[in-house]
Amino acid sequence: MFATNMIFQVMILPIVISSIFMFAWLPHKKETLPIGKGFWSFPFSFGISYLVVYLYMFGIPQFPPNESKDWILFVALLSIFVGLSDYIEKKYVNYVVKILSVLFVQITALYSLIKNTWSINESVLYISGMTIFSLVYWILFEKITYKTEEIQRISPIITTGILAGATAGLSILSSSLSLTQISGAIGSVHIPIFLVSLFKPSFSTKKSFSSVLIIFFAIWINIWFYSYPKSSIGFFLIILAPLFSLISEFKFFNKISGIKLIILKTILVIIPIIAGLIMSFDFSPKDDYYGFNFSTDKYIYNS
Amino acid sequence: MKNFIKKTSVLSSLFLLLAMPSFAAETYDIDPVHSSVIYKTQHFGVPNFGAFTNVSGKVVFDDKDPSKSSVDLVVKTDSVDSFNPKRDEHLKSPDFFNAKQFPEITFKSKKVKAKGKMAFDVTGDLTLHGVTKEVKVVFNRVGKAKGMKGETRSGGDVMIKLKRSDFGMKEMLKVVADEVTLMVGVEGIMK
């Protein structure tokens, strides 16, 4: 019953809702916007799926939320606007949106630490450091997702889908089932996006990944500051994994194209993720938390 | 003779003053080594027990005027001990206590009323998981004795039944019961 409910929450519900939005753009055959057909469907399918899944899983939180993870619901709402704002062809607007949304995610997620634990200097240091890190990450991430070649469009979808799975893995290894559910749902939302991109070359997702990234930022902050990641290196290997696909742009790989290039990029992302997950795995002796300790079947005395 | 009476009355007043503390308020600092909070919940309907091992605070007993008594308890959330380190980590995560965000569970009494010789009705604010709710408990005072170093020790126990969902702890309600019973035992050292 519990497992069935989990599958419904993390897989079926997000897939169904995102499918509705992803396929909703199909009748608009005459859409001739220069920014790409169905540009709105990715941020909407992503954000709305998230809102529904979150509300189904955790109910309506109070406002302002008591727990930092409850702010992820509002980040999902923000992600729609962030995804759409990326289509505004004014760089300063893009940067202002990026900075404000990164600050929103950080301040809402870290409010309790800023208020109760950190000094003013620590808060300023953390927020400014993380803002710079997030913006650099975001700009590099755009280099991966702004691909216009037809077949290469599916590469960033595969990358962020794998990243969602890896983040779910990282969450469970950091002892948080709720963050695992939230991360897993991102992966599920990717399935219809992937299918539409695969079979409809005219569909453009190239800029919409900002909406995914902003939710990843919120989840990663929650894992790092409130859960129990086992390895810092493992954590950073996983979150930085998408950037490893930039290695494929080295001259050495110039001759590789098409499907082979997609496979290469996927491998470049998967390697640090596997390394990160292995590092994050708790190799301490097994106990009976998730099952029974069969070693106790034997009597401890012989006579 | 007049001088003698004067001196005697001053001395007897002083003696009376020294004897007064047994009637006045007694303040006890809670001894974390001899205090604990035991919790009882249910996992798939089966009773499960655990404890919080770091309890501190202050208890004031005023025998003369019990309404002036008070109880202040602070329980460190990350001291949760469910007899399994992995489960402890899960309990400390955002799924349950969210110990890094809410490092303390506190109880502050607002109103104390005697309920017999050794029991008190205590109304106070219980803050758990960042949510504060007024609760009413019965505090049973259970003795007073001299410790190894001659210090005066006294304490009491409290039992609290609550719904964790009332405090925003709504994860895994189908697996771990909503109702939780807390058994608090505190031993204080008189200041």
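Residue numbers start from 1 in every chain, and the chains themselves are labelled A, B, ... in the order their sequence lines are given, proteins ahead of strands.
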Exercise for review: Name the member of B/A99, B/P94, B/S82, B/G130 that forms the most heavy-atom pairs with chain A at distances under 4.5 Å.
Suggested key: B/P94

Exercise for review: Spell out, as yes or no, whether a donor-acceptor pair under 3.5 Å connects the side chain of B/H129 to the backbone of B/N98.
Suggested key: no

Exercise for review: Measure the acute angle between the ring planes of A/W138 and A/F217, then classify it against the limits of 30° and 60° as parallel, tilted or perpendicular.
Suggested key: perpendicular

Check your understanding: Do the non-hydrogen side-chain atoms of A/L237 and A/I273 ever get within less than 4.5 Å of each other?
Key -> no

I'd like a table of donor-acceptor pairs (distance under 3.5 Å, sequence neighbours excluded) in which one partner is a side-chain atom from residues 70-79 of chain B, with atom names and distances.
| unit_1 | atom_1 | unit_2 | atom_2 | d |
| --- | --- | --- | --- | --- |
| B/K76 | NZ | B/E104 | OE2 | 2.8 |
| B/T77 | OG1 | B/F102 | O | 2.8 |
| B/T77 | OG1 | B/P103 | O | 2.9 |
| B/T77 | OG1 | B/E104 | N | 3.3 |
| B/S79 | OG | B/T53 | N | 3.2 |
| B/S79 | OG | B/N54 | N | 3.0 |
| B/S79 | OG | B/K76 | O | 2.7 |

Review point. Is it the side chain or the backbone of B/E171 that comes within 4.5 Å of chain A heavy atoms, both, or neither?
Key: side chain

Point to revise | Structural part of A/Y111 lying under 4.5 Å from a heavy atom of chain B | key: neither

